[in-house]
Amino acid sequence: QVQLVESGGGLVQAGGSLRLSCAASGRTFADYAMGWFRRAPGKDREFVAAISWSGYSTYYAGSVKGRFTISRDNAKNTVYLQMNSLKPEDTAVYYCAARHSRNVDSRGSYIWSRADDYDDWGQGTQVTVSS
């Protein structure tokens, strides 16, 4: 099991930017594919972005593609979500998630976009975008 702690959320005006961080501990971070999900008030949890354990592959939800960038620093055991051109509809609690994947993905090219594919979750960080 890997422990995940998100940070970097806050209140921002529409059009602004935030960078979320997710620090991992407890296991070898570089063995894990990572994902970001979010849950808005009254809505189901939805996929935002994912990155393979090597960082070679990334994938985005259509609603954030071109505005958000997922990245990772395996030396720092951290995954990031850079969010630009924020919109009020991006308001949500953002969660990072981890899936052990090196054992099935030797090249580090696989990503996963379903919440059920992930084993470990952080506690979430609130992002609020005002209009």
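Side-chain atoms are counted along with the backbone in the values below, which use heavy atoms only and exclude waters and symmetry mates. FYI, the numbering just counts along the sequence from 1.
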* Count the heavy atoms belonging to other residues, nucleotides or ligands that lie under 6.0 Å from CZ of Arg39, then report whether that count exceeds 12. => yes

* Asked: If you measure from the Lys or Arg side-chain nitrogens to the Asp or Glu carboxylate oxygens, is any gap between Asp120 and Arg27 under 4.0 Å?
  -> no

* Are Ile51 and Trp112 linked, directly or through other ILVMFWY residues, by side chains that come within less than 4.5 angstrom of each other? -> no

* For atom CD of Gln123, decide whether the heavy atoms of other residues, nucleotides or ligands shown that lie under 6.0 angstrom number more than 12. => yes

* Same hydrophobic cluster for Leu18 and Tyr95, using side-chain heavy-atom links shorter than 4.5 Å among ILVMFWY? -> no

* Asked: Is it true that a side-chain atom of Glu6 and a backbone atom of Thr125 form a donor plus acceptor pair closer than 3.5 Å?
  -> no

* CD of Glu46 to OG of Ser113: how many Å apart, nearest 0.5 Å? -> 12.0 Å

* Asked: Which atom names give the shortest non-hydrogen contact between Trp53 and Asp31, and what distance separates them?
  -> CB-C, 4.0 Å

* Structure fact -> Checking Met34, Arg72, Arg19 against Tyr80 for side chain to side chain contact (heavy atoms under 4.5 Å, CB included), the one that qualifies is Arg19

* Ignoring hydrogens and geometry, is there a side-chain-to-backbone donor-acceptor pair from Arg67 to Ser85 under 3.5 Å? -> yes

* To do: Report whether Tyr59 and Val104 are members of the same hydrophobic cluster (ILVMFWY, side-chain heavy atoms less than 4.5 Å apart, transitive linking).
  => yes

* Structure fact -> Taking every heavy atom of Pro41 against every heavy atom of Thr91, the minimum-distance pair comes out as CD-O, 4.2 Å

* Asked: So, for Ala33 and Ser101, which heavy atoms are closest and what is the spacing to 0.1 Å?
  -> N-OG, 3.2 Å

* Asked: Do Met83 and Leu20 have side chains that get closer than 4.5 Å, going by heavy atoms?
  -> yes

* Grab the two heavy atoms, one from Ser52 and one from Ser109, that are nearest each other, plus how far apart they are. => CB-C, 4.0 Å

* Asked: Is Ser57 reaching over with its side chain to a backbone N or O of Ile111, donor-acceptor style, under 3.5 angstrom?
  -> no

* Asked: Closest approach of Tyr32 and His100, non-hydrogen atoms and distance?
  -> CD2-N, 3.3 Å

* For the side chain of Thr28 and the backbone of Ala30, is there at least one donor-acceptor N/O pair under 3.5 Å apart? -> no

* Side-chain contact, heavy-atom cut-off 4.5 Å: Thr69 with Leu81? -> no

* Treat each ILVMFWY residue as a node, draw an edge where side-chain heavy atoms are under 4.5 Å apart, and state whether Ile70 and Phe68 are in one component. => yes

* Asn84 and Ser17: side-chain donor and acceptor closer than 3.5 Å? -> yes

* To do: Determine, using the 4.5 Å side-chain heavy-atom cutoff (strictly less than), whether Leu4 and Val79 are members of one ILVMFWY cluster.
  => yes

* Asked: Taking the side chain from Asp105 and the backbone from Arg102, do they hold a donor-acceptor pair closer than 3.5 Å?
  -> no

* To do: Taking the side chain as every heavy atom from C-beta outward, state whether Val12 and Thr128 have any atom pair closer than 4.5 Å.
  => no

* **Arg99 and Tyr118: CA distance, side-chain angles, deciding distance, side-chain hydrogen bond (donor to acceptor under 3.5 Å, both in side chains) verdict** => CA-CA 5 Å; Arg99 174 199 167 103; Tyr118 289 86; over 6 Å; no

* Asked: What do the steps show when you test Asp117 against Arg114 for salt bridge (Lys or Arg N to Asp or Glu O under 4.0 Å), and what is the final call?
  -> CA-CA 5 Å; Asp117 290 327; Arg114 298 188 312 152; 2.9 Å; yes

* Take Phe47 and Tyr60 through the test ring-ring contact (aromatic ring centres under 6.0 Å, His included) and record every step on the way to the result. => CA-CA 8 Å; Phe47 168 76; Tyr60 299 91; 8.3 Å; no

* Asked: Is any side-chain heavy atom of Ser63 closer than 4.5 Å to a side-chain heavy atom of Arg38?
  -> yes

* Under the 3.5 angstrom rule, does the side chain of Asp73 hit a backbone N or O of Thr78 as a donor-acceptor pair? -> no

* Structure fact -> Heavy-atom closest pair (Arg45 atom, Ala115 atom, distance to 0.1 Å) is NH2-CB, 3.6 Å

* To do: Would you check, one step at a time, whether the test ring-ring contact (aromatic ring centres under 6.0 Å, His included) holds for Trp121 with Phe37?
  => CA-CA 10 Å; Trp121 293 80; Phe37 292 79; 5.0 Å; yes

